[in-house]
2 protein chains.
Amino acid sequence: MAEFPKPKSMVDQIYISLSNAITSGALEPGCRLVEQELQKDFGVSRAPIREAIRLLEADGLVVVDAYKKKHVRNLTREDLVDNIPVLASLESLAARLAAARITKKQIDELDGINREIQQAFSEGNFAKCAELNFAFHRVFLQVADNKALHRAVRSIVKSTLWLWLASQYYKNSATIPSSIEEHEQILQAFRRKDVHLVESMVREHIENVLERFLKQSKFDTEGIYLFGGTKGQPRLASPEN
Amino acid sequence: MAEFPKPKSMVDQIYISLSNAITSGALEPGCRLVEQELQKDFGVSRAPIREAIRLLEADGLVVVDAYKKKHVRNLTREDLVDNIPVLASLESLAARLAAARITKKQIDELDGINREIQQAFSEGNFAKCAELNFAFHRVFLQVADNKALHRAVRSIVKSTLWLWLASQYYKNSATIPSSIEEHEQILQAFRRKDVHLVESMVREHIENVLERFLKQSKFDTEGIYLFGGTKGQPRLASPEN
DNA sequence: CCTTGACTGGTTGTCGACAATCAACATATA
DNA sequence: TATATGTTGATTGTCGACAACCAGTCAAGG
């Protein structure tokens, strides 16, 4: 029997669309989410849209102001700084758990991804680098095989680091070689099955990556991260798919 | 000007009520959440109830089965096991951050709470012990002063460890003295400002606490945690407040 | 000039009703 | 009897409409 992709509910689809629109920067931080407009954009009634927005709110991607208007969340420098040690802790835990059970094949897979990053970098394809970077970290999250951990990491990445993804594309290319080098060292530690070394290296790697990013980021006077485009005006989420 | 408690929205109130009902065990794991019934219980229409349930779903307190019916989540032994290292990592991070900035006054506050736990234990008031235990850990989460961390811990505690709270009340009393002792040692490490020691002690403490609990917990043949009452039948959340 | 109150347009909150789906039972057909 | 096909009741998904609320404007009154 052929496998069909299970049809997703209206709410899920809207949630995913909006989620992508926010994390990709198509909907800029601070811009409003008006139910009536989204209703027209998606061609559905307000109920499923409200539910989708509530989910985004729970994720921290959307905030509600004093007068209950919904906005795409603005991230401050402090938000980013706060997230650094948390993500570093979680990823290093993932590394520790993964180190105890990783197979040769999986190490080779990591190695392959790292080579692909190098390749993409030499071709100037920085977007692909960012993508592969996420893939690299996803692998040992999977190897760690801990649902609670997976969930926690995803929550952090989703709620706060989406702007990292969005900016990586066009400006952080200078930091990529360091990442590749650190990945290589982590791989060697995995090969040696040195659990403690892996753990501390991943912690440092994550801290390095985020701090490098932090240095290169621009914040306005209120400490709010700025995207490239004009601010404040709501832009549509193109209902892809 | 006197400070008024800001009135909460319908959805928030329903969310809190249901959340409490689940974490307290009033709504047992596996039991269904039927919108029509809740509609009657709360005396509102289905829209806000649906949104509240969606939030519970995002929290992991409610799951949707293959036929879209909503159930209070059943926790397996694996869920608990997965959460142990994650919470241990996060709390030890909190301890590390807190150790760097904790004041004498705050250490005394922790000391006071620990004494209160001891007092409550000697009076046989185990529910109060559980409550104070949470308070103890809340303090250094606050001292750590990291929103991302706070959020991550809260998410873990809320999504999975609610049953710990629910069971602590009536059976885990034997583990309390060990907790008190470990708290005491952590306090001494704080006083010495020994960051590394605090960090490792808190990690071990959390692992100990959860593992002690795990040993004393009962799971049925499918690994599903059992509460005291009858199973399967939905019970009402008393709309407190 | 300042305050107050009424009106307006825009937005979110809530509701009742209908459509779609599914489990369970009943019925028909071989 | 065994399988296939309606039918029913329960439950969730979606919708359009109305109520509540707020910012902004404007006019009346002091």
Side-chain angles (χ1 to χ4, degrees), chain A residues 4-18 21-22 27-28 30-59 61-73 232-237 239 241, chain B residues 4-18 21-22 27-28 30-59 61-73 232-237 239 241:
Chain A
F4 296 104
K6 58 180 173 190
K8 299 199 171 175
S9 73
M10 209 95 256
V11 175
D12 283 348
Q13 291 179 52
I14 296 168
Y15 169 74
I16 291 171
S17 288
L18 289 177
I22 293 174
L27 282 168
E28 297 173 20
C31 93
R32 290 194 50 194
L33 289 171
V34 179
E35 292 169 9
Q36 252 180 350
E37 291 176 12
L38 297 173
Q39 179 178 8
K40 284 177 210 154
D41 297 339
F42 286 101
V44 296
S45 82
R46 277 176 52 216
I49 287 176
R50 283 178 63 83
E51 293 182 19
I53 291 180
R54 269 256 147 67
L55 292 179
L56 294 169
E57 211 184 311
D59 282 344
L61 262 55
V62 167
V63 291
V64 184
D65 67 18
Y67 301 112
K68 312 207 174 176
K69 298 192 197 297
K70 271 82 171 177
H71 302 262
V72 175
R73 182 176 171 201
Q233 274 309 319
R235 275 204 254 157
L236 297 192
N241 167 19
Chain B
F4 295 105
K6 59 180 171 189
K8 301 202 169 174
S9 73
M10 208 93 256
V11 175
D12 284 348
Q13 290 179 53
I14 296 169
Y15 170 74
I16 291 171
S17 287
L18 289 177
I22 293 174
L27 283 169
E28 298 172 19
C31 92
R32 289 194 49 194
L33 289 170
V34 180
E35 292 169 8
Q36 250 180 352
E37 291 176 13
L38 297 173
Q39 178 178 9
K40 283 177 210 154
D41 296 339
F42 287 102
V44 297
S45 84
R46 276 175 53 215
I49 287 176
R50 283 178 63 83
E51 294 182 18
I53 291 180
R54 269 257 147 64
L55 292 179
L56 295 169
E57 214 184 310
D59 282 344
L61 261 56
V62 167
V63 291
V64 185
D65 67 19
Y67 303 109
K68 313 206 173 175
K69 298 194 196 300
K70 273 82 171 177
H71 301 263
V72 175
R73 182 176 173 202
Q233 275 309 317
R235 273 205 255 159
L236 298 189
N241 167 18

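Order of the sequence lines fixes the chain letters, A, B, ..., with proteins taken first and strands second; residue numbering starts at 1 for each chain.
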Atom CG in B/Leu38, atom CD1 in B/Ile14: separation rounded to 0.5 Å? 8.5 Å
Nucleotide N/O of nucleotides 10-12 of chain C paired with protein N/O under 3.5 Å:
residue	atom	partner	partner atom	Å
C/dT11	O3'	A/Arg32	NH2	3.1
C/dT12	OP1	A/Leu33	O	3.2
C/dT12	OP2	A/Glu35	N	3.0

Quick check: closest heavy atoms across [X] and [Y], and the distance to 0.1 Å?
X       : Y       : value
B/Val62 : B/Ile22 : CG2-CD1, 4.1 Å
A/Ala58 : B/Leu55 : CB-CD2, 4.0 Å
A/Gly30 : A/His71 : O-ND1, 3.2 Å
A/Lys8  : A/Asp12 : CB-CB, 4.2 Å
B/Val44 : B/Met10 : CG1-SD, 3.7 Å
B/Glu28 : B/Val72 : O-CB, 3.4 Å

Evaluate the side-chain proximity of [Y] to [X]: yes if any heavy-atom separation is below 4.5 Å, no if none is.
X       : Y       : result
A/Phe42 : A/Pro48 : no
B/Leu61 : B/Tyr15 : no
A/Lys70 : A/Glu35 : yes

Please tabulate the protein-to-nucleotide N/O contacts below 3.5 Å involving nucleotides 24-26 of chain C, giving atom names and distances.
none

When you list every nucleotide of DNA chain D with an atom under 4.0 Å from a heavy atom of chain A, which one comes first 5' to 3', and which comes last?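 Reading along DNA chain D, I get D/dT14 to D/dA23.
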